[in-house]
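Sequential numbering from 1 along the given sequence is applied to the chain's residues.
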Amino acid sequence: MKKTALSLAAAAGLLLAGCTSIESTQNFNGVACGTETEKAACQTLIQIPGFYFFGLPIITGGLGDGKVAFFTFTQTTDNAVWLMTKEVKSKGATRLINQHMSVTESYIPFPFVSKKILNFSATGVRSAGAAPRRTADPLDRML
């Protein structure tokens, strides 16, 4: 009976944990969302969820849309920024504005288990009228 209950709890955890989600839109309905010298290329939201047992990761969102990682702490600022810059570059943006990052935590009825979600949103912009171009920064070549 205990094995069945534990198996059901693990299966429910997998279904409820979700995975990393990256959503981007380039539809601004004619509203200028950039600055005077820059045009908005995309608005992007990244969510990295995770379940923790006594603060240790059990299931977290992986480093990609729809990915899951087990027993790995992936909810870091570095990972969120890496995913964001990769996504906005694919949409033609050369800079980020209006960045907002937050972590929400909630405890679930299962003893000593918490769920955290890292949210990161930003607007990707590029120079108005200019074609997107790569910088000479070696970190850009890695992505």
Practice prompt. Check the surroundings of atom CD in Gln99: do more than 12 heavy atoms from other residues, nucleotides or ligands lie under 6.0 Å from it?
Written response: yes
Worksheet item: So, Thr25 and Gln43: side-chain donor and acceptor under 3.5 Å apart, yes or no?
Response: no
Worksheet entry | Heavy-atom side-chain contact between Lys67 and Cys19 under 4.5 Å | no
Worksheet entry | N/O donor-acceptor pair under 3.5 Å between Thr60 side chain and Phe73 backbone | no
Discussion item. Let me check something: do Tyr52 and Phe70 share a hydrophobic cluster, defined by ILVMFWY side-chain heavy atoms less than 4.5 Å apart, either directly or through other members?
Written reply: no
Item to complete: Mind listing the closest non-hydrogen atom pair of Leu83 and Leu63 along with its distance?
Response: CD2-C, 3.8 Å
Item to complete: Give, for atom OG of Ser114 and atom CD of Glu105, the distance between the pair rounded to the nearest 0.5 Å.
Response: 4.0 Å
Worksheet item: Should the pair Phe53 and Phe112 be assigned to parallel (<30°), tilted (30 to 60°) or perpendicular (>60°) ring geometry?
Response: perpendicular
Discussion item. Could you check whether any side-chain N or O of Gln47 sits under 3.5 Å from a backbone N or O of Ser21, counting only pairs where one atom can act as donor and the other as acceptor?
Written reply: no
Worksheet item: Any cation-pi pair here, Lys115 with Tyr107, using under 6.0 Å and within 45°?
Response: no
Worksheet item: Which atoms form the tightest heavy-atom contact between Gln75 and Gly50, and what is the distance?
Response: NE2-N, 3.4 Å
Fill in: Value rounded to 0.5 Å, distance of CZ in Arg126 from CZ in Arg95
14.0 Å
Worksheet item: Minimum heavy-atom separation for Ala41 to Gly92, with atom names?
Response: CB-C, 4.3 Å
Response to the item:
Between Ala80 and Met101 the two heavy atoms that sit nearest each other are CB-CE, 3.8 Å
Worksheet item: Does any non-hydrogen side-chain atom of Ile48 lie less than 4.5 Å from one of Ile117?
Response: no
Worksheet item: What distance do Asn79 atom CG and Thr20 atom OG1 have between them, rounded to the nearest 0.5 Å?
Response: 8.5 Å
Fill in: Flag side-chain contact, heavy atom, 4.5 Å: Ile46 against Asn119
no
Discussion item. Any non-hydrogen side-chain atom of Pro49 less than 4.5 Å from a side-chain atom of Lys116?
Written reply: no
Practice prompt. Evaluate the side-chain proximity of Phe120 to Val81: yes if any heavy-atom separation is below 4.5 Å, no if none is.
Written response: yes
Worksheet item: Rounded to the nearest 0.5 Å, what separation is found between the OG1 atom of Thr123 and the CG atom of Asn98?
Response: 4.5 Å
Worksheet item: What's the spacing between Glu23 CD and Thr44 OG1 if we round to 0.5 Å?
Response: 10.0 Å
Item to complete: Decide yes or no for Val125 and Thr94: does some side-chain heavy atom of the first lie under 4.5 Å from some side-chain heavy atom of the second?
Response: no
Worksheet item: Are any non-hydrogen side-chain atoms of Val113 and Phe51 less than 4.5 angstrom apart?
Response: yes
Worksheet item: Is there side-chain contact between Met84 and Trp82, with heavy atoms separated by less than 4.5 Å?
Response: no
Discussion item. Under a 3.5 Å cutoff, is there a donor and acceptor pairing between the side chains of Glu38 and Ser127?
Written reply: no
Worksheet item: For the hydrophobic clusters of this structure (ILVMFWY residues joined by side-chain heavy atoms under 4.5 Å, transitively), does one cluster hold both Ile108 and Ile58?
Response: yes
